[in-house]
Amino acid sequence: MSALTLLLFLFISIPLVAQNEVIEGRIVDELGEPIPAVSVILKDDRTKGTVSNLDGYFLLELDSGTYDLIFSHVQYGTYELSDIPTGVS
């Protein structure tokens, strides 16, 4: 993993559909610059995921619950966040 620490800001939003909720956020470097093309996948189901856009934003629509996410980028390496909830507690 690069010495550069990835700063991850996760924003939990209110679900738009009763069964699906959202985990969304913005991925930036330590200077606050967005990091595009970061793979964001579920640790337990690597078929579910997304990629951050040019401004570093990503959005995952999932069933209600708590998830472990893996963030991966060629230049910055891999970073894992655990127990990320969907929706509002």
Side-chain angles (χ1 to χ4, degrees):
M1 184 170 180
S2 172
L4 182 63
T5 303
L6 297 178
L7 300 176
L8 302 172
F9 297 101
L10 295 179
F11 303 98
I12 308 305
S13 70
I14 298 173
L16 299 175
V17 180
Q19 295 174 337
N20 289 333
E21 295 188 6
V22 174
I23 296 176
E24 61 183 338
R26 186 172 192 214
I27 304 168
V28 297
D29 64 16
E30 63 186 11
L31 300 175
E33 296 296 318
I35 304 175
V38 176
S39 296
V40 182
I41 57 173
L42 298 182
K43 183 177 181 180
D44 295 334
D45 184 356
R46 295 184 184 230
T47 64
K48 294 183 181 176
T50 189
V51 177
S52 63
N53 67 15
L54 290 175
D55 296 319
Y57 289 101
F58 71 92
L59 182 136
L60 281 171
E61 228 179 285
L62 304 165
D63 291 333
S64 180
T66 302
Y67 296 91
D68 297 336
L69 300 179
I70 297 173
F71 299 83
S72 181
H73 190 274
V74 174
Q75 183 178 349
Y76 296 101
T78 301
Y79 186 81
E80 186 175 325
L81 286 178
S82 299
D83 301 324
I84 306 299
T86 60
V88 178
S89 300

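Predicted model only: the values in this text are computed from it and were never measured. One is the number of the first residue; the rest follow in order along the sequence.
In this structure the side chain of L60 never reaches within 4.5 angstrom of the side chain of V22, judged on heavy atoms. L42 is not listed as a side-chain neighbour of D44, based on a closest heavy-atom distance of 4.5 Å or more.
Annotation for T86 and S64: closest pair OG1-CA, 3.3 Å, computed over non-hydrogen atoms. Across all non-hydrogen atoms, the minimal contact from P34 to G56 is CB-N, 3.8 Å. Across P36 and S52, no two heavy atoms sit closer than the pair C-OG, 3.4 Å.
Pairs passing the salt bridge (Lys or Arg N to Asp or Glu O under 4.0 Å) check and including a residue from residues 66-82, sequence neighbours excluded, read K43-E80.
Between the side chain of R46 and the backbone N or O of I41 there is no donor-acceptor pair closer than 3.5 Å.
By the criterion of side-chain heavy atoms lying less than 4.5 angstrom apart, applied directly or through intervening Ile, Leu, Val, Met, Phe, Trp or Tyr residues, I84 is not grouped with I70; the two fall into different hydrophobic clusters. A continuous path of hydrophobic side-chain contacts links L81 to Y67 [ILVMFWY only; heavy atoms under 4.5 Å].
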Could you walk me through whether D63 and E21 pass the side chain to side chain contact (heavy atoms under 4.5 Å, CB included) check? CA-CA 6 Å; D63 291 333; E21 295 188 6; over 6 Å; no
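For an aromatic pair to be called close, the ring centres must be under 6.0 Å apart, and F71 with Y76 fails this.
Each of I23, V51, V38, N53 was checked for a side-chain contact (heavy atoms from CB on, under 4.5 Å) with F58, and the lone residue meeting it is I23.
With rounding to the nearest 0.5 angstrom, the CD atom of E61 is 10.5 Å from the CD atom of E24.
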